[in-house]
Q: 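Below is the structure I would like to discuss, written out as structure tokens.
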Amino acid sequence: MNINEAKEQVKNAVVAYLEKDEAGQYEIPVERQRPILLMGPPGIGKTAIMEQVAHELGINLVSYTITHHTRQSAIGLPMISEKSYGGKIFSVTEYTMSEIIGAVYDKIEKSGIHDGILFLDEINCVSETLAPTMLQFLQYKTFGSHRIPEGFIIVTAGNPPQYNKSVKDFDIVTLDRVRQINIEEDFDAWKDYAYKAAVHGSIMAYLEIKKENFYSIKTEVEGRSFVTARGWEDLSRVIKVHEKKGLTVDFDLTVQYLQDKEVARDFATYYELYHRYNELYKIPDILEGRFPEDKESIRKGSFDEKLSIIGLLTDKLMDEFRDYAKDQAVQKTLFDIIKALPEETAGEAALETILSRAKELEKELSDKHEAGLLDREQEKVLRLSASALFTCAKDAGSLEEVKEWFRRRESARQEAIKTTGAHLTNSFAFLEETFGNKESLTGSQEMVIFITELSGAYHSLKFVRETGNEAYYEYNKLLLLNDKRDELRVLAEMLV
């Protein structure tokens with residue numbers, strides 16, 4: 001299965017394991033809650049989906065790469081204690097609490113949440129001395145003499161032997177006590193995550209053209225070369241910072257993240273071309289409704305060039321869709337705070353309340369960040385909300401001025417929504433004028449690709465669903481109609 005399907009399986013398992021009956025007992029007894037074993041290539045996103053599941057369910061996540069641990073750190077250190085048996089005192093060996101178990105209890109203390117996931121990566125690559133401990137852990141959910149707290153679900157991950165020489169096979173006794181999920185690399189599944197994570201448009205467009213370069217591990221005479229999903233995402237982040245600071249993006253940079261020289265060189269070349277297309281076709285002008293006069297040369301261009309133009313349009317729009325979601329979340333936070341202020345509150349008291357609420361948001365941000373309960377988007381919303389409240393408390397002098405400050409922000413947000421909607425409509429108009437009208441939509445693969453990309457991304461769907469866009473509805477309806485016609489045509493041909 002792909003990474004999205006694996007995430008759904010893990011999420012369902014956690015929900016099922018945490019379900020209790022009317023007496024407060026787990027529907028699936030703790031001893032019957034099989035640990036989950038994710039098996040798949042390295043760098044495919046196994047850790048990322050654990051973070052997503054934990055955030056979506058509002059539970060803790062404690063994550064360890066087990067190969068970094070020794071037997072002592074995993075099960076604890078031995079210590080001598082005295083116990084009485086049959087009236088006699090004996091010296092016995094016990095163990096201090098495992099570092100891993102201790103981390104679980106620390107997380108519970110910090111967050112105040114008793115449920116969570118304990119995720120151990122590279123579980124099948126442990127040392128010979130630690131292997132028996134891992135088998136005991138998978139079978140009995142204990143490290144040494146210390147048991148995992150109830151409410152914490154065990155998820156582990158490992159790499160198949162073709163990716164790691166240190167891999168050790170589990171015996172049937174162990175495998176019969178776990179839920180094994182086998183994951184394969186899948187660009188289309190990763191793309192959903194990539195759009196939400198704002199992966200750079202040049203990477204999205206390049207991989208759309210050359211999907212075979214999304215993930216590869218090769219063993220050659222010179223050694224191993226590889227490209228992983230993790231590599232693409234990390235490269236995306238550094239590209240954005242380089243662009244912001246005016247730093248160079250070239251082969252010397254890309255090969256540090258894409259450790260396959262051919263792929264790294266190919267992408268570096270494409271990156272230059274991607275930006276040349278952006279300057280040549282003036283993507284910001286297209287969004288504003290000012291289209292290139294020479295559409296014929298675009299129509300006659302290579303398919304890669306057309307995909308790049310679509311990728312540039314999609315990338316700019318996705319930035320605006322993400323801004324819409326962020327601004328909406330911040331504004332809602334501010335609205336809830338201002339709405340709670342009593343009408344009779346004096347100006348100075350209102351500002352003190354707002355200042356106090358800003359400090360509370362900062363404290364909430366600090367506590368949740370330390371407890372690992374925030375994803376990147378949630379953290380950004382809290383930071384921006386607190387900053388806005390501090391600005392309000394500084395600039396406004398009365399309750400009415402506070403409300404006026406909020407109205408100005410909302411007015412600016414509504415204008416941004418109109419602008420984004422116009423940009424989306426203009427993109428459809430440009431593609432229609434350039435690649436075909438509504439009647440010939442079935443022959444316009446460029447329009448189909450554009451609609452498909454928008455329909456498969458979280459933030460674009462959120463924007464259209466909440467603000468509406470007639471052009472999107474119209475073209476999406478035509479696409480669905482054409483798909484239905486194709487299905488009927490295939491069915492008719494089968495019946496002939």
Q: Checking the side chain of T156 only, and the main-chain atoms of I36 only, is there a donor and an acceptor separated by less than 3.5 Å?
A: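 The answer is yes, because a donor-acceptor pair under 3.5 Å joins these two groups.
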
Q: Identify the two heavy atoms, one from L374 and one from K368, that lie closest to each other, and give their separation to 0.1 Å.
A: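 Scanning both residues, the minimum pair turns out to be CG-CB, 3.6 Å.
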
Q: Residues in side chain to side chain donor-acceptor pair (under 3.5 Å) with Q328, at least two apart?
A: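 Per chain and number, Q328 pairs via side chain to side chain donor-acceptor pair (under 3.5 Å) with Y324, K462, E466.
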
Q: What residues, two or more places apart in sequence or in another chain, satisfy side chain to side chain donor-acceptor pair (under 3.5 Å) together with S387?
A: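 Testing S387 for side chain to side chain donor-acceptor pair (under 3.5 Å), a comparison that skips the adjacent residues, returns none.
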
Q: Are the side chain of H55 and the backbone N or O of E51 linked by a donor-acceptor pair below 3.5 Å?
A: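 Side chain of H55 to backbone of E51: a pair is present.
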
Q: Using every non-hydrogen atom in the two residues, find where N426 and G289 come nearest and quote the distance to one decimal.
A: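 That closest heavy-atom pairing would be ND2-N, 3.4 Å.
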
Q: Measure the spacing between CG of L373 and CG of D375 and express it to the nearest 0.5 Å.
A: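 The distance works out to 10.5 Å.
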
Q: Do you see a donor-acceptor pair shorter than 3.5 Å between the side chains of Q52 and Y193?
A: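 The answer is no; no qualifying pair exists.
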
Q: List the atom of I183, the atom of A6, and the distance in Å for their closest heavy-atom pair.
A: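 Where I183 meets A6 most closely, the heavy atoms are CD1-CB, 3.7 Å.
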
Q: Can we say K196 and E377 salt-bridge, meaning some charged N sits less than 4.0 Å from an Asp/Glu carboxylate O?
A: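 Salt bridge flag = no for E377 with K196.
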
Q: Give a yes or no answer on whether the side chain of T333 reaches the backbone of A329 with a donor-acceptor pair at less than 3.5 Å.
A: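 Answer holds: yes.
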
Q: Please tell me whether Y472 and T425 have a donor and an acceptor in their side chains that are separated by less than 3.5 angstrom.
A: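 No donor-acceptor contact under 3.5 Å links the two side chains.
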
Q: Does the side chain of H200 pick up a donor-acceptor pair with the side chain of E243 at under 3.5 Å?
A: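 E243 and H200 do have a side-chain donor-acceptor pair below 3.5 Å.
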
Q: Which residues pass the side chain to side chain donor-acceptor pair (under 3.5 Å) test with T228, not counting sequence neighbours?
A: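 Per chain and number, T228 pairs via side chain to side chain donor-acceptor pair (under 3.5 Å) with no residue.
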
Q: Would you say the side-chain atoms of E415 pair up with the backbone N or O of S411, donor to acceptor, closer than 3.5 Å?
A: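 Between the backbone of S411 and the side chain of E415 there is no qualifying donor-acceptor contact (under 3.5 Å).
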
Q: For R147 and V30: C-alpha separation, side-chain torsions, deciding distance, then whether side chain to side chain contact (heavy atoms under 4.5 Å, CB included) applies.
A: CA-CA 11 Å; R147 191 175 181 84; V30 173; 3.9 Å; yes

Q: Check this for me, if you would: do E362 and R383 make a salt bridge, where the nitrogen-to-carboxylate-oxygen distance has to be below 4.0 angstrom?
A: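 No, this pair does not count.
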
Q: If you apply the rule salt bridge (charged side-chain N to carboxylate O under 4.0 Å, His left out), what do you find for R376 with E379, and how did you get there?
A: CA-CA 5 Å; R376 191 174 178 85; E379 182 178 344; over 6 Å; no

Q: Tell me if a side-chain donor or acceptor on E320 pairs with a main-chain N or O of L317 at a distance below 3.5 Å.
A: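 No; zero donor-acceptor contacts below 3.5 Å.
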
Q: Test your reading of the model: is there a side-chain donor-acceptor pair from Y473 to the backbone of V464, 3.5 Å cut-off?
A: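 Indeed, once roles are kept as given, a pair shorter than 3.5 Å links the two residues.
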
Q: Please evaluate residues K210 and D266 with respect to the criterion salt bridge (charged side-chain N to carboxylate O under 4.0 Å, His left out), reporting the C-alpha separation (whole Å), side-chain torsions for both, the decisive distance (0.1 Å), and the verdict.
A: CA-CA 10 Å; K210 299 192 175 182; D266 193 43; 2.7 Å; yes

Q: Determine yes or no for a side-chain-to-main-chain donor-acceptor pair under 3.5 angstrom, with N4 supplying the side chain and A189 the backbone.
A: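 Yes, N4 side chain to A189 backbone: donor-acceptor pair under 3.5 Å.
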
Q: For the aromatic rings, using the six-membered ring if either is Trp, is the centroid distance between F463 and H459 under 6.0 Å?
A: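 Ring centres of H459 and F463 not closer than 6.0 Å.
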
Q: How are the rings of W232 and Y206 set to each other: parallel, tilted or perpendicular (split at 30° and 60°)?
A: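 Ring orientation, 0 to 90° scale: tilted.
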
